[in-house]
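Here the structure comes first, spelled out in structure tokens, and everything after it is commentary.
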There are 2 protein chains.
Amino acid sequence: MKNFDMMLREHDLKATKQRIGILSIMQDKGHINIEDLYGKIKTLFPSISLATLYKNMHLMLKNNLLTEVSVKNSKTLYEITKDSHAHMHCENCGEVYDVDFNFENLIYPKDDSFELKDTQVIFSGICKNCK
Amino acid sequence: MKNFDMMLREHDLKATKQRIGILSIMQDKGHINIEDLYGKIKTLFPSISLATLYKNMHLMLKNNLLTEVSVKNSKTLYEITKDSHAHMHCENCGEVYDVDFNFENLIYPKDDSFELKDTQVIFSGICKNCK
DNA sequence: ATCCTTGCAAATGATTTGCAAGAGT
DNA sequence: ACTCTTGCAAATCATTTGCAAGGAT
């Protein structure tokens, strides 16, 4: 718990028990949407409100503690910000897996008029479990 | 108009004037979200309802005439399905640009347990106009 | 003629806001 | 103590549904 406590402080956020709870669930799940996260966090803090969850998600996103993962046909997912990697998204069960990926290998028409900040790669298909 | 008329038929959809209107706006705009699309389509068909727009978008997506583009922190965008390409997304103005991209060049740890169907690449940053 | 699509209104679902009480530093 | 966060309720915004009338083949 000291762990998440520090993470929050380092990102200029107060370490509330709700936030620590959110982060511990996210660490456990890897990728999670708001609905599922709310279900989980309520088992830790039965009185937590959805408004609090949304407020915290937005704050942690803004402070770069969390990262948004947008996948087609699915609710937006969130993960704890990690080093660069790609995602595999199962179109059947919706699960998202991290994939080691070296962005240096990406060959594309460099365009100096565009200030590149981030690159996202998402592989869609059917995962092992669903085949 | 014969153009979109045929496109619709080829995808097993009736060619209604509302659908043709939606497609012509999309062709013109390239990438557009529901809200903006509704604003535009209403100038062509003032009495069109949002429900009709949503129903048609879902049908055309299902029949692969349209493709969904999910970008972070923005409303979902839609485009007319085209040959494979990547996207550049401006974090400032929200504009999305198509980028020629050869997916053959993508090097990643192939995993036979995952049945790959589609790969999405999104470059985020600041576009020329916003710099 | 038949089946699909439209437009409307209402229902549902998702996200945001304001505010008073409580928690963190 | 001071400021930020929480929980609640209500407001707003986004998407979906059912149904009767109209349109496409």
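Within every chain, numbering begins at 1; the chains are lettered A, B, ... in the order of the sequence lines, protein sequences first and strands thereafter. No hydrogens, no waters, no symmetry mates; every other heavy atom, side chains included, goes into these values.
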Would you mind listing every ring pair (Phe, Tyr, Trp, His ring centres under 6.0 Å) that reaches into residues 79-101 of chain B, with sequence neighbours excluded?
B:H31-B:H87, B:H85-B:H87, B:F101-B:F103
Is A:E10 atom CD crowded by more than 12 heavy atoms from other residues, nucleotides or ligands, each under 6.0 Å away?
yes
Determine which pairs satisfy salt bridge (Lys or Arg N to Asp or Glu O under 4.0 Å) with at least one residue from residues 20-48 of chain B, sequence neighbours left out, and list them in order.
B:E35-B:K75
With sequence neighbours left out, the residues meeting side-chain contact (heavy atoms from CB on, under 4.5 Å) with B:T43 are none
At under 4.0 Å between heavy atoms, which parts of nucleotides 19-25 of chain C does protein reach? Answer with one letter per nucleotide, 5' to 3': B base, S sugar-phosphate only, - none.
B----BS
Do A:Q120 and B:V71 come within less than 4.5 Å of each other through their side chains, counting heavy atoms only?
no
Sequence neighbours excluded, which residues qualify as side-chain hydrogen bond (donor to acceptor under 3.5 Å, both in side chains) partners of A:S24?
none
I'd like to know if the side chain of A:N63 reaches the main chain of A:H11, judged simply by a donor and an acceptor atom lying under 3.5 Å from each other, with no hydrogens or angles considered.
yes
Ignoring hydrogens and angles, tell me if any N or O in the side chain of B:S113 forms a donor-acceptor pair with the backbone of A:K128 under 3.5 Å.
no
Separation of C:dT5 atom C1' from B:I20 atom CD1, nearest Å, is 13 Å
Among pairs that include at least one residue of residues 34-53 of chain A, which meet ring pair (Phe, Tyr, Trp, His ring centres under 6.0 Å), considering only residues two or more places apart or in two chains?
none
Tell me, which of residues 65-76 of chain A have any heavy atom that sits under 4.0 Å from an atom in DNA chain C?
A:K75
When you measure from the side chain of B:R19 to the backbone of B:N56, do you find a donor-acceptor pair of N or O atoms at a distance under 3.5 Å?
no
I need the CG-C1' distance between B:N56 and D:dG23, as an integer number of Å.
13 Å
For atom CE of B:M6 and atom C1' of D:dT25, their distance in whole Å
18 Å
According to side-chain contact (heavy atoms from CB on, under 4.5 Å), who are the partners of A:E115, at least two apart in sequence or on a separate chain?
A:K117, B:I126, B:K131
Tell me which residues in residues 46-53 of chain B lie within less than 4.0 Å of DNA chain C, going by non-hydrogen atoms.
B:S47, B:I48, B:S49, B:A51, B:T52
Does any residue of residues 22-44 of chain B have a heavy atom under 4.0 Å from DNA chain C, and if so, which ones, in number order?
none
Starting at NE2 of B:H11 and ending at C1' of D:dA24, how long is that distance when rounded to a whole Å?
19 Å
Residue set satisfying side-chain hydrogen bond (donor to acceptor under 3.5 Å, both in side chains) with A:S47, at least two apart, ordered chain then number -> none
Rounded distance in Å - CG (A:D12) to C1' (D:dT5)
16 Å
What one should report as the nearest heavy-atom pair of B:V121 and B:L106 is CG2-CD1, 4.4 Å
For A:L59 and D:dT6, what is the distance between atoms CG and P respectively, to the nearest whole Å?
9 Å
If I take atom CG in residue A:L8 and atom P in nucleotide D:dC4, what distance separates them, rounded to the nearest angstrom?
16 Å
So, using side-chain contact (heavy atoms from CB on, under 4.5 Å) as the criterion, who are the partners of B:E68 when residues are at least two apart?
A:K72, A:N73, B:L61, B:S70, B:T76, B:Y78
Nearest-Å distance, CZ (A:R19) to P (D:dC4)?
11 Å
I want to check one thing: is the phosphate of D:dT16, taken as OP1 and OP2, less than 4.0 Å away from some side-chain N or O of B:H58?
yes
